[in-house]
Amino acid sequence: MLFFSFFKTLVGQEVTVELKNDISIRGTLKSVDQFLNIKLENISVVEEIKYPHLSAVKSVFIRGSTVRFVHLPATQVDTALLQDATRREAAQAGGKAKLG
Amino acid sequence: MFTTAAQLLDLTDKKLMVVLRDGRKLIGVLRSWDQFANLVLQDTVERIFVQRVWGEMRRGLYLVRGENVLLLGEIDLDLDDVIPEPYEQAPWETVEALYGEENEAKKRRERARARKLQALGFEGEGAGEGLY
């Protein structure tokens, strides 16, 4: 759930999503869900002329399973906080594993 | 706000462009859906863009299984049916045949590439999974 929470903090930011079929879509992150499906608004497509089917599209819902990576604004990511959260989650998971 | 249902709710009854995993582009009105992004599309048309032409075919009602969905795009009705340069409309049969040829060529290239990579010990991303 860490990445779900993380993406929730990025709502409203400009991000670029690269899909596994090589399309890169830039837009404002509107929402994200537990499968990391992503909704983008005011989109612009990198190399638009190669993807004419997206020319009349203003907002997209991207299925999480088709995302290759998300390019984030570096200034909006608190890496120290993210590292702490990762360690906390790992510690919790480790604790559970020992108990179980 | 942060569930699949909430994300799809405001797309309901809108005209959408759906891209499927096999590269198909469907344009229709979203009437129903669930948490897996299984979709019901009404008055669907399929559109193909290839080289410098495009074609369209009426398809009707679709129920799309969610795993095949790449993305849903909400169509801006002001920009609707504006086809960007240099694409020109052509008869469906022509466009479909051209698309078939292109795909065959692409598959051959991909296979050749995969063979070479495999000889070097690489296995391509999404090997065996058709992604366009």
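Numbers restart at 1 for each chain; the letters A, B, ... are given by sequence-line order, proteins then strands. Owing to the predicted nature of the structure, the values given are computational and were not obtained by experimental measurement.
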Same cluster for [X] and [Y] if Ile/Leu/Val/Met/Phe/Trp/Tyr side chains link at under 4.5 Å?
X     : Y     : value
B/I75 : B/Y87 : no
B/L72 : B/V40 : no
B/L39 : B/F36 : no
A/F7  : A/M1  : yes
B/M57 : B/W54 : no

Who wins among B/T4, B/V69, B/I27 for the most heavy-atom pairs under 4.5 Å with chain A?
-> B/T4
Quick one: which of B/I83, B/L8, B/L77 has the most heavy-atom pairs under 4.5 Å with chain A, could you say?
->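 That would be B/L8.
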For the side chain of A/R63 and the backbone of B/G66, is there at least one donor-acceptor N/O pair under 3.5 Å apart?
-> yes
Any donor and acceptor pair, going by atom type alone, linking the side chain of A/K39 with main-chain N or O of B/Q7 inside 3.5 Å?
->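 Flag set: sc A/K39 to bb B/Q7 pair under 3.5 Å.
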May I ask you to test the A/I49-B/P86 pair for a side-chain heavy-atom distance under 4.5 Å?
-> yes
With the side chain counted from C-beta on, respond yes when B/L70 and A/N21 share a heavy-atom pair under 4.5 Å apart, and no when they do not.
-> yes
Decide yes or no on side chain to side chain contact (heavy atoms under 4.5 Å, CB included) for B/L71 and A/L54, but give the supporting numbers first.
-> CA-CA 11 Å; B/L71 67 83; A/L54 287 167; 4.1 Å; yes
Could you tell me which portion of A/L19 (side chain, backbone, both or neither) has an atom closer than 4.5 angstrom to a non-hydrogen atom of chain B?
->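 Answer is side chain: those atoms of A/L19 sit under 4.5 Å from chain B.
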Part of A/L40 lying under 4.5 Å from any heavy atom of chain B =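 Contact with chain B involves no heavy atom of A/L40 at all.
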Counting only heavy atoms not in A/F4, do more than 12 sit closer than 6.0 Å to its CZ atom?
-> yes
Does A/K30 come within less than 4.0 Å of B/D10, counting only side-chain N to carboxylate O?
->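 The answer is yes: the pair qualifies as a salt bridge.
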Please walk me through it: do B/E74 and A/V57 pass side chain to side chain contact (heavy atoms under 4.5 Å, CB included)?
-> CA-CA 5 Å; B/E74 185 183 345; A/V57 172; 5.6 Å; no
If you measure from OG on A/S65 to CZ on B/R21, what distance do you get to the nearest 0.5 Å?
-> 7.5 Å
Nearest 0.5 Å, what's the CG-OG distance between B/L11 and A/S59?
-> 6.0 Å
Decide side chain to side chain contact (heavy atoms under 4.5 Å, CB included) for B/R47 and A/H53; before the verdict, give the C-alpha distance in whole Å, the side-chain angles of both, and the deciding distance to 0.1 Å.
-> CA-CA 8 Å; B/R47 218 175 251 186; A/H53 56 283; over 6 Å; no
